[in-house]
Amino acid sequence: MKYLYLLIIAFLICGCTKENPMFDKITYKTTSCFGTCPTYYLEINSDKTFKLFAEQIYKDDFSIYGYELDSSKMGYFKGKLDNVTFKNLNQKIQKHQTLSTNTTVME
């Protein structure tokens, strides 16, 4: 019986961690530059789904013709994040929010 209470307390403590998403939607967009910067639009939703539109991606190797676009990495992609990746993302957001609220400005 004592172990049952310890087990219940352990589940309650673990249940108090913030596993819920810390966001509704994350949107990240890049723009082109005068070099080989990739241009893409990424959207991650709180239900772990994502959309990626890779508009311009350049090949890693430089050829004699200059920088070439890598059409195999360009296009529309949709998917779902695995639990580990989503948890890592959520933890990084929590850490950033904690750092943001705990910092003070020195004048």
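Heads up: numbering here begins at 1 and tracks the sequence. Here the structure is a predicted model, which is why all the values come from computation and not from measurement.
- For the pair N45/F50, no side-chain contact is recorded, criterion being any heavy-atom separation below 4.5 Å from C-beta on.
- Within the 4.5 Å cutoff, the side chain of F23 has heavy atoms near those of the I93 side chain.
- Looking only at side-chain heavy atoms (C-beta outward), M74 and E55 stay at 4.5 Å or farther from each other.
- To the nearest 0.5 Å, the span separating CD1 on I57 from OG on S71 amounts to 11.5 Å.
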Exercise. Take L52 and Y40 through the test side chain to side chain contact (heavy atoms under 4.5 Å, CB included) and record every step on the way to the result.
Key: CA-CA 7 Å; L52 171 66; Y40 59 91; 3.9 Å; yes
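- Side-chain contact between S32 and Q56 is present, with at least one heavy-atom pair separated by less than 4.5 Å.
- Side-chain atoms of Y58 and D70, non-hydrogen and from C-beta on, never get closer than 4.5 Å to each other.
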Quiz item: Would K59 and T36 count as a side chain to side chain contact (heavy atoms under 4.5 Å, CB included) if you check the C-alpha gap in whole Å, the side-chain angles of each, and the deciding distance to 0.1 Å?
Solution: CA-CA 9 Å; K59 292 184 178 180; T36 59; over 6 Å; no
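- Counting heavy atoms from C-beta on, the side chains of L42 and K51 never come closer than 4.5 Å.
- Closest approach of T31 and C37 over heavy atoms only: O-CB, 4.3 Å.
- A donor and an acceptor atom, one from each side chain of T85 and D82, are located under 3.5 Å apart.
- Atom CD of E43 sits about 5.0 Å away from atom OG1 of T27, to the nearest 0.5 Å.
- Across every non-hydrogen atom of L81 and L89, the tightest pair is CD1-CD2, 4.5 Å.
- For D24, there are no side chain to side chain donor-acceptor pair (under 3.5 Å) partners two or more places apart in sequence or in a different chain.
- In this structure, the ring of F53 has its center no less than 6.0 angstrom from the ring center of Y41.
- Two different hydrophobic clusters hold V84 and F86 under the rule that ILVMFWY side chains link at heavy-atom gaps under 4.5 Å.
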